[in-house]
Novice: 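Pasting in a structure now, in structure tokens, and then I'll have a few things to ask.
Please read all numbers here as calculations on a predicted model, not as lab measurements.
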Amino acid sequence: MNVLLIHQNFPGQFKYLGPALAGRGDDVLVLTPKVKEPTNWRGITVLPYTVTGASTPGIHPWLIDFETKILRGSGCFDAAMALRDAGYAPDVILAHHGWGESLFLKDVWPAARLGLYCELYHRSGPDQTGFDPEFPSPTPDTDALRLRLKNLNNRLHEEVMDAGLSPTQYQAATYPDTYRARITVAHDGVDTDRITPNPEARLDVAGRTLTTQDEVITFVNRNLEPYRGYHVFMRALPDLLRRRPQAQVVILGGDETSYGAKPSNGTSWKQTFIDEVRPQIPNDDWCRVHFLGRVPYPTFLSLLQVSTVHIYLTYPFVLSWSLLEAMSAECAIVASDTAPVREAISDGTNGVMVDFFDQAGLVDETCALLDAPERRRALGRNARRFVRDRYDLNRICLPRQLAWVDALSQTDPVRQPQD
């Protein structure tokens with residue numbers, strides 16, 4: 001069948017599903033602003049669309065987000081119209097609708113089935129906008145109003161969605177019941193055949209090579225920021241370094257802000273918390289802390305494979321791929337006891353859980369694991385077994401996603417409501 005993929009940052013969550021569809025014989029086409037010229041990627045034709053315009057000066061701040069989505073939706077609509085006029089008609093459209101790109105595609109192809117990647121429905125409340133008291137919302141009285149408008153994109157897509165796909169139960173459960181009934185939970189998948197423990201792994205940092213014989217504490221975020229517990233981790237460092245004089249601490253992540261507000265001091269969150277804790281750490285200890293920034297994927301795998309204890313912290317939010325990848329590599333994990341993590345980690349069985357805000361508990365549990373090699377090995381083995389049983393790419397997740405696409409293709413398409 002003809003499958004049209006829509007993703008602002010392609011391949012994103014379609015990095016396995018797209019090639020699998022093409023590999024089995026489907027004609028897969030992509031619209032994305034990520035490329036400037038038509039290209040081919042793993043048997044997939046990738047075409048650009050252009051976003052024109054910018055946010056209107058002086059617009060109400062609650063409308064800025066939605067206007068941006070309209071601009072993306074309009075640009076994608078124009079490219080879709082050109083494809084339609086050239087004779088193209090998809091049987092199935094698969095879109096990550098979070099950026100608004102797929103808002104108007106049912107107007108172009110009413111008979112197409114629209115499947116949406118449902119990553120998150122925005123919620124206010126103590127477990128969401130009020131989770132971290134250190135960073136309270138500047139407008140708590142109007143958070144619910146602002147997020148209701150932010151969900152306009154979700155709501156408009158709900159009207160035309162034929163089926164949805166969420167990677168975790170936690171993320172699916174954020175959606176209203178009318179939406180949730182059409183959402184299938186199937187994770188993007190973890191390539192457990194590639195992500196394996198490797199006793200011979202080596203990681204080069206700061207002029208030395210780390211191996212599994214070293215004591216290595218690892219921490220990974222796409223960007224180093226509060227949503228992923230970076231501030232909690234950094235504040236634990238002085239005590240952790242003092243108690244573990246042989247430990248090497250390797251931190252992976254960029255300087256940007258993926259989620260939430262940027263720091264008010266004009267620097268990055270990374271630098272903000274370096275500046276806070278650095279005076280508490282002697283120079284001889286600080287030289288054991290290694291910031292690698294963003295690295296190629298093979299380097300990331302080597303980091304997981306040499307890790308003695310891996311620390312993962314997150315707000316109640318989207319679960320990171322890196323946690324499941326660390327489990328696949330048989331890492332011994334200390335993780336925050338937050339809702340999305342509980343879906344993957346069972347305390348004492350395949351990892352250790354601590355309260356997100358318990359800095360002393362984080363240090364104690366990490367040190368206890370560092371002193372317990374047999375326990376680390378048992379937790380790591382259980383973690384890998386869990387991921388292979390629940391999240392394995394080729395045996396579990398990809399077949400489930402392909403079955404979802406096939407079922408979607410057989411549904412009667414939802415029509416765009418008419419005014």
Novice: Should the pair Y391 and F386 be assigned to parallel (<30°), tilted (30 to 60°) or perpendicular (>60°) ring geometry?
Specialist: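 Judged by the thresholds at 30° and 60°, the geometry between Y391 and F386 is tilted.
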Novice: Between R148 and N151, is any side-chain donor less than 3.5 angstrom from a side-chain acceptor?
Specialist: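 No.
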Novice: Answer yes if the ring centres of H157 and Y179 are under 6.0 angstrom apart, and no otherwise.
Specialist: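 Judged by ring-centre distance (under 6.0 Å), H157 and Y179 do not meet the cut-off.
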Novice: Do we see a donor-acceptor contact under 3.5 Å between the side chains of R294 and N223?
Specialist: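 Per modelled atom types, R294 and N223 side chains form a pair under 3.5 Å.
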Novice: Quick one: sort the F10 and W41 rings into parallel, tilted or perpendicular, breaks at 30° and 60°.
Specialist: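 Plane angle over 60°, so perpendicular.
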Novice: Among side-chain atoms of T192 and D392, is any donor-acceptor pair under 3.5 angstrom?
Specialist: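 Yes, D392 and T192 have a side-chain donor paired with an acceptor closer than 3.5 Å.
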Novice: Can you find a side-chain donor-acceptor pair between S409 and D91 that sits under 3.5 Å?
Specialist: no
Novice: Over 60° means perpendicular and under 30° means parallel, so classify the ring planes of W269 and F273, tilted if in between.
Specialist: parallel
Novice: Look at the aromatic rings of F77 and F104 and report parallel, tilted or perpendicular, splitting at 30° and 60°.
Specialist: perpendicular
Novice: Judged by modelled atom types alone, do S336 and D355 share a side-chain donor-acceptor pair under 3.5 Å?
Specialist: no
Novice: Is it possible for you to check whether K15 lies under 6.0 Å from the centre of the six-membered ring of W321, through NZ or CZ, and within 45° of that ring's axis?
Specialist: yes
Novice: Would N382 and T349 count as having a side-chain donor-acceptor pair, cut-off 3.5 Å?
Specialist: no
Novice: Between T56 and E67, does any side-chain donor sit less than 3.5 Å from a side-chain acceptor?
Specialist: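 Side-chain D/A pair, T56 to E67: present.
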Novice: Quick one: OH on Y230 to CD1 on I251, what's the gap to the nearest 0.5 Å?
Specialist: 6.0 Å
Novice: Side chains of Q8 and Y49: any donor to acceptor distance under 3.5 Å?
Specialist: no
Novice: Do R222 and Y259 get their side chains close enough for a donor-acceptor pair, meaning under 3.5 Å?
Specialist: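 Side-chain D/A pair, R222 to Y259: present.
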